[in-house]
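Down below is the structure, laid out as C-alpha cells.
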Protein chains: 2
Amino acid sequence: MNKLYEFIDLFTKHQDLFQQAQQACLERHHWSPFAESPASYPDSETAKQKGLENFNSYLNGNFSINQPGTAAGYLGNEISPYTKQALGVRYPLSELDTLFKAAEQAMTAWSNTSIETRTGILLEVIEQLYKQHIFTLTYAVMHTTGQSFNMSYTGSGVNALDRGIEALVYAYQSMKSVTQKAYWSRSFGSSTISMEKHYRLIPKGISVCFSCASFPTWNALPSMMASLATGNAVIVKAHPATILPMAIVVNVFRQVLAEHGFNPDLVCLALDTAEHPIGKDIIKHPKTAIVDFTGSVRFGKWVEENAHPAICYTETAGCNTVILASTNDLDAVVRSLATTLCMFSAQMCTSPQNIYIPKAGVQTPDGIVPLQEVAQKLAIAIQAISQNPKRAAMILSVIQSDDTISLLKQLSEEGNKRGTVILESQSYLHPEYPHARTATPLMIQLEKTERDMYTQERFGPISFIIACEDENDALEQATTDVHEFGGLTAFVYSQDEAFIHLCEQKYARAGAQLTINLTGPMPLNFAAAYSDYHVTGLNPAGNASLTDASFIAGRYRITQSRRPVMPSAN
Amino acid sequence: MNKLYEFIDLFTKHQDLFQQAQQACLERHHWSPFAESPASYPDSETAKQKGLENFNSYLNGNFSINQPGTAAGYLGNEISPYTKQALGVRYPLSELDTLFKAAEQAMTAWSNTSIETRTGILLEVIEQLYKQHIFTLTYAVMHTTGQSFNMSYTGSGVNALDRGIEALVYAYQSMKSVTQKAYWSRSFGSSTISMEKHYRLIPKGISVCFSCASFPTWNALPSMMASLATGNAVIVKAHPATILPMAIVVNVFRQVLAEHGFNPDLVCLALDTAEHPIGKDIIKHPKTAIVDFTGSVRFGKWVEENAHPAICYTETAGCNTVILASTNDLDAVVRSLATTLCMFSAQMCTSPQNIYIPKAGVQTPDGIVPLQEVAQKLAIAIQAISQNPKRAAMILSVIQSDDTISLLKQLSEEGNKRGTVILESQSYLHPEYPHARTATPLMIQLEKTERDMYTQERFGPISFIIACEDENDALEQATTDVHEFGGLTAFVYSQDEAFIHLCEQKYARAGAQLTINLTGPMPLNFAAAYSDYHVTGLNPAGNASLTDASFIAGRYRITQSRRPVMPSAN
C-alpha cells in the first residue's frame, strides 16, 4: 500500500470523530467518543481479563522498549500501594544524550510531513490506547498511583484520552489558521513588486514531559499530543513511582509511529530514581526546547525560573477553597463536600482543601446552623464513607506515598496545638487488599490567622475548616489565599445572587475555576474534557491551561520564504 | 449620548476597515488603509506644515501629560541627530509605584467591558494617530532616531499603525474563539447533572513595553495594542534618546480613552536616563505581568532569563545573512544589496550584515565573477549613494547615536588587522542639516574563521564580505551563525532550484525569514504588515513574532464559573 495514501487515510479514518471533537471544543458541551465506565466498555469482562493478564505479564520482568542508548542497564522500584509489594518491573535506562540525539533525528521527517498526517497518526494512537490497552493501563495506574479500578479507567483512562484529543483539536486549529502560501503585490514608485510567499511551521524542538505520581497519564497525554501534533519530539520523564503507565503509553506511540513509517524515537522514556533525580539535568539539557511539568509547587517554581531558553508549561498545586455561606439544602451540600473530600483520598490537584465558613454559621431555610455543627455534619458524612470499608475502598481508595502518611501524622499533631482536630486520620482495612496503604481523612478547624497551616497544598486527605468573620471576609480570605499561594478549583455555596456575582468576579481575578451550588452525584472537582478549562495560569498553581490557545501557541513557530514572481491579475 | 451605545458605535464605525484587515491577515496579501507616502496623504502640504508646527511647539518646553505621580520633577535630554542640538523637551517624571497603582486601578473597568468596546476604542486611537498626529509623529521620529522624513512617515508612521491593527486582528480573533457560555449535561449513574458554564477572559496584568532608540513606534504599537485589546494596562518605558514619539503616542491613547469614559491611566509613560536606567526595576516590579522588550541582545537575554513571573515577548538582534551564489543579473543584485545596506545606515534590526560568497566567486550568465570583483562592485554601488549628498540624505539618512560612530572607528581598525577594509566609513555633508551625525558604510572582507568579528549585530552601516569554500559551505556557515547568534532576515541569490530548496529548509530551521532572488525598487528588508512575519522566535534574536497567535495567547487567560441548571432539551 502506498504510504502517503495510507497516512491521509488515517486522518480520513478519524475525521468524523475529530469533527465532533472540534464541535465540542467550540460549544464546550458534553461529549466523548468513549465508554464512560468499565462496565459499558464493549465486551467488558473479556477486555478487563485480558488487561489484567497483560498487566501481570509485566510484573517481575524486564519491560521491553526498543529505544536507543539502553546499554546503561535497567532500573525500576515501583511498589503497589495496594499490596505494598514491589511490582518488580525493570525498565531499560537510556543515556540522556543518546535519547536527545535520537529524538532530534526523528523530528526532521515528522515535522516535514503534513498537519493531517501527524494528526491522523496521533488519533490512531488514541484509538489503539482505547481499543487495545485501556484495561492494561487501568491496572498499571491502579497499582502505581493507588487509584480505584473505576477511577483508573475513567479518570486516567478515557478522560485522559479525551484530554489528548482536545489538545489535538487546538493544535490542529492553531496550525491550520496560518495560510501556507500568499500572493503579495505592491507598487514601489512606478514599479510593481509581486511576490509569492510560503509559510512553514517549524517545531520548537525537543519537548520534555514530566509525568506525576498521582495522575501520570492525565497530564502527560495532552502535553504529548500538543507537542507531537506541532511537529516536536517528546521525551517523557516518568515519575519513579509511576513508570509503568507511561512506559505502556510510550510503547504504543512508538509502535504506531513505526507502523506508519516514522521513526519511533519521536517518543522516548527517560528514567530516574527518587535518590538520583535527573529533573534539573534534563531541563537544562541544551537540546530541551519545551518543558511540560506537572508536580510539586517547589519544583514547578524552579522550572518556571530556570527552563529558559526552553519554554515551559506548568501545572502544580495550591489551596483549593470552599466558601460555605448559605444553602437551601445543607445535607446535600455536606454529602457532596464529604464525598469530594474523600475522592481518591484528595490526592488530586483539584481536590478541595480549605473550607471557609462564617463564624456565626451557615444560613439555611431552617435558620443559621452554627459553624461547629456544620463541621460535625461534615465529619459524620466523611465517616459514613470511611467507616464503610466497601465505600471507603471505592471512594477513598488508597494512598500513593508513605510521605502522605507521615504528613497526616505531623499535621494531626500540629492541628491539636494550633486549632482543633475535628476528625483524626486512621487506616482502614481495604476489603480486597489487606495490606493496602490507607488513611481516612483528617479534618482540622483553624482560626484564619493560622495561615501557614492552610495556605499550601497539603497533599492527601486533609482539610481545614477556617472560621471567618462573615461571608465577605471568607471570600476575601479565600481569594487572597488563592492569589498568593495558588489554587485550581473553588466551590461556593450561597443563596445570595449578589454575593455569587461578587464571588465570580473575585475568583476570576484570583484565577481559580469556580463551581457554584453544586450538589448531587457528580464529584465537585470533576473536570470535563472539551468543556472545563484546567488551571488558569493566573496564580502560582501553574502557568498553563488544559486546553487553550496558549497551551499550543509556543510549541511551533512560523517561518517564511518569499521570492519575486511575475505580476498576476489576482 | 448613551455611552454604551457610543462604544458599540466605535466598533461599528471601524468595522469595514477591521474586516478588511482580518481578510488581509488571513490571505496575507498587500493591504493598508493608509496613504503610502507623505505625498499621497490628503491635503499633504497643510498636514505636513501643521505637523511641523506641532513638533516645534514641543521644543524647549515642558511636555504636558496628566498622568499621576509626577511630583518627582521633569526629565529629558534628547538630541536631534540632524542638528546635534538638544530638543529641550522636558517630560514629567512619575514615581513608579504610583504609575503601577494607577494602571492597576484603571484595568478593572477596561477588562470588564466587551471585546468590541476595547477593539473599537483602539481602532479609534489608530485613526486619531493617522488623521491628527501622523506628521507631528513623523518629525518627532525624525529628530530623535535620525530616520529620513520619508521613512519616519512610512516605516515609523503608517507601517507602525498597520502593525498595530494587525495585532488587534489577532487579539480579537483569539478572544472571540472562546465561547462565553456553554450548556453541559451528563449522566452520573441514574442522575443527570446539567450545568451552565460561563467563561471569562482575564487580562494577565500590567504590561511594560520597552520602546527602542531606532524604531520606537514600530515595535511599541503592536505590543501596546496586543496588551490593551486583551484587557491589560500598559506602561511604556521609553528609550531616553527617543521619548518624544512615545510621549505623543501615549497622550493620544490617554485622550481617546478618557473621551470614551475610561481611565486614561491604562496607558502611562515611564522614563529614565542612560545614566540611571530603571529597566531591571520595572521588570522586577511585583505588579509587572507582561514585558515587551525591543532592544539589545544583552539586555534582551537578561529579560528572558529574569522576567518571571512576568511573561515576556522579546525582539533583539542578530546577524542577518546574505548568500550570493549565482544570479542572472549581478548588477541588479548589487544595486539592491547596496541600497539595502545603506537604508537608514543599516540601523534596522532587519538590515543585512554578513555577505557569504564562495571564494571562487559568483556565477553569472557571463561566467564566474571573482569574489574580489563582486566586493568591488558592491563598494562602488554603495559609493554611488554615499557620495551623492542628496541620495545619501534620502537613503543613508543620519546616525542615531555617537556609539555607532565609535563602533565604526573601532571596527575599521580591527578590520584592517583581521581582514581587508574594502570601504572606509566617513561622514558626508547632509545637504539640509550641515551638523548632522552622518557616516557612510564600512565594508570589511574577512575569512570565515574570524567569527567573533561578524557573529553579532554590529549596529550601523557595517557589513562583512565573508569568503566561503562554496555555496554549500556558505549556507552551512550562515545558518549556523543564525542558529547560534540569532538572525531575523536572510537573503539568498541562486539560480539553482535544488540549492534554493535547501536554503529554504535550512533557514526555516535556523529561524530567519528568507527572501530569494529579490531585486528592484523594494528594499530587501521591507517587512509588510499583514503579510510578513517579523522574528520567528526560533533563534536568539527574540522569542516573539509580529504577529502570530503566540504574540497574543499569553496576554489573557480563561476562567470559568459553572452552576447547576435544570436539565434542558438542548
Side-chain angles (χ1 to χ4, degrees), chain A residues 26-30 174 177-179 182-186 188-189 191 193 195 197-200 202 204 304-305 308-309 311 503-504 507-509 511-522 528 531-533 536-538 543 545 548-550 552-554 557-564, chain B residues 26-30 174 177-179 182-186 188-189 191 193 195 197-200 202 204 304-305 308-309 311 503-504 507-509 511-522 528 531-533 536-538 543 545 548-550 552-554 557-564:
Chain A
L26 188 66
E27 298 182 3
R28 306 197 81 77
H29 53 234
H30 168 58
S174 176
S177 74
V178 181
T179 187
Y183 173 78
W184 184 92
S185 186
R186 203 198 115 159
F188 285 84
S191 306
I193 296 286
M195 291 201 286
K197 304 186 181 189
H198 290 265
Y199 306 94
R200 196 186 290 243
I202 300 293
K204 185 79 178 165
E304 289 175 12
E305 282 167 4
H308 174 79
I311 54 171
C503 289
E504 289 186 306
Y507 271 114
R509 297 277 157 192
Q513 307 297 25
L514 181 62
T515 301
I516 301 159
N517 290 338
L518 181 63
T519 57
M522 182 177 115
S531 183
D532 291 317
Y533 290 99
T536 65
L538 285 168
N543 71 8
S545 181
D548 66 5
S550 74
I552 303 299
R557 311 294 315 182
I558 306 168
T559 68
Q560 69 177 60
S561 68
R562 58 182 191 179
R563 63 194 292 186
Chain B
L26 187 67
E27 298 182 3
R28 305 197 82 76
H29 53 233
H30 168 58
S174 177
S177 74
V178 181
T179 187
Y183 174 79
W184 183 93
S185 185
R186 202 197 115 158
F188 286 84
S191 305
I193 297 285
M195 291 201 284
K197 304 186 181 188
H198 289 265
Y199 306 95
R200 196 185 290 243
I202 300 293
K204 185 79 178 166
E304 290 175 12
E305 282 168 4
H308 175 78
I311 53 170
C503 289
E504 288 186 306
Y507 270 114
R509 297 277 158 193
Q513 308 297 26
L514 181 62
T515 300
I516 301 160
N517 290 338
L518 181 63
T519 58
M522 182 177 115
S531 183
D532 291 317
Y533 290 99
T536 65
L538 285 167
N543 71 8
S545 182
D548 65 5
S550 73
I552 303 298
R557 311 294 315 181
I558 306 168
T559 68
Q560 68 177 61
S561 68
R562 58 182 192 180
R563 63 194 291 185

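Just so it is clear, the values below take in all heavy atoms, side chains as well, and ignore hydrogens, waters and symmetry mates. Here is how names work: the chains are called A, B, and so on, in the same order as the sequence lines, proteins then strands, and each is numbered from 1. Quantities reported herein were computed from a predicted structural model and do not represent experimental measurements.
Between chain A and the residues B/His198, B/His29, B/Gln513, the largest count of heavy-atom pairs under 4.5 Å involves B/Gln513. Ranked by non-hydrogen atom pairs under 4.5 Å with chain B, the options A/Ser545, A/Gly520, A/Gly537 are led by A/Gly537. Ranked by heavy-atom pairs under 4.5 Å with chain A, the first of B/Asp548, B/Ile311, B/Ile558 is B/Ile558. Contacts with chain A were tallied for B/Gly554, B/Pro521, B/Ala182; B/Pro521 has the most, counting heavy-atom pairs under 4.5 Å. Per-residue heavy-atom pair counts under 4.5 Å with chain B were compared for A/Leu514, A/Leu538, A/Ile202, and the maximum is reached by A/Leu514.
Of the possible donor and acceptor atoms, one in the side chain of A/Arg557 sits under 3.5 Å from a partner among the backbone N and O of B/Thr536.
The side-chain heavy atoms of A/Ser561 and B/Glu504, taken from C-beta on, include a pair separated by under 4.5 Å. A/Met195 is not listed as a side-chain neighbour of B/Ser531, based on a closest heavy-atom distance of 4.5 Å or more.
Looking at A/Lys197, only its side chain comes within 4.5 Å of chain B, counting heavy atoms on both sides. Both the backbone and the side chain of B/Asp532 come within less than 4.5 Å of a heavy atom in chain A. Using a 4.5 Å cut-off between heavy atoms, B/Arg186 contacts chain A through both its backbone and its side chain. Contacts of A/Glu304 with chain B are made by both backbone and side-chain atoms, with heavy-atom separations under 4.5 Å. Interface residue B/His308: only side-chain heavy atoms are found under 4.5 Å from chain A.
Smallest separation of non-hydrogen atoms from A/Asn517 and B/Arg563: ND2-NH2, 4.2 Å. Contact between A/Gln560 and B/Tyr533 at its shortest, heavy atoms only, is OE1-N, 2.8 Å. Nearest heavy atom pair, residue A/Ile193 against residue B/Met522, reads CG1-CB, 3.8 Å. Taking all atoms of both residues into account, the shortest heavy-atom contact from A/Arg200 to B/Ala508 is CD-CB, 3.5 Å.
Side-chain polar atoms of B/Thr559 and A/Arg509 form no donor-acceptor pair below 3.5 angstrom.
Taking CZ of B/Arg28 as the reference point, atom OG1 of A/Thr179 lies at 8.5 Å (rounded to 0.5 Å).
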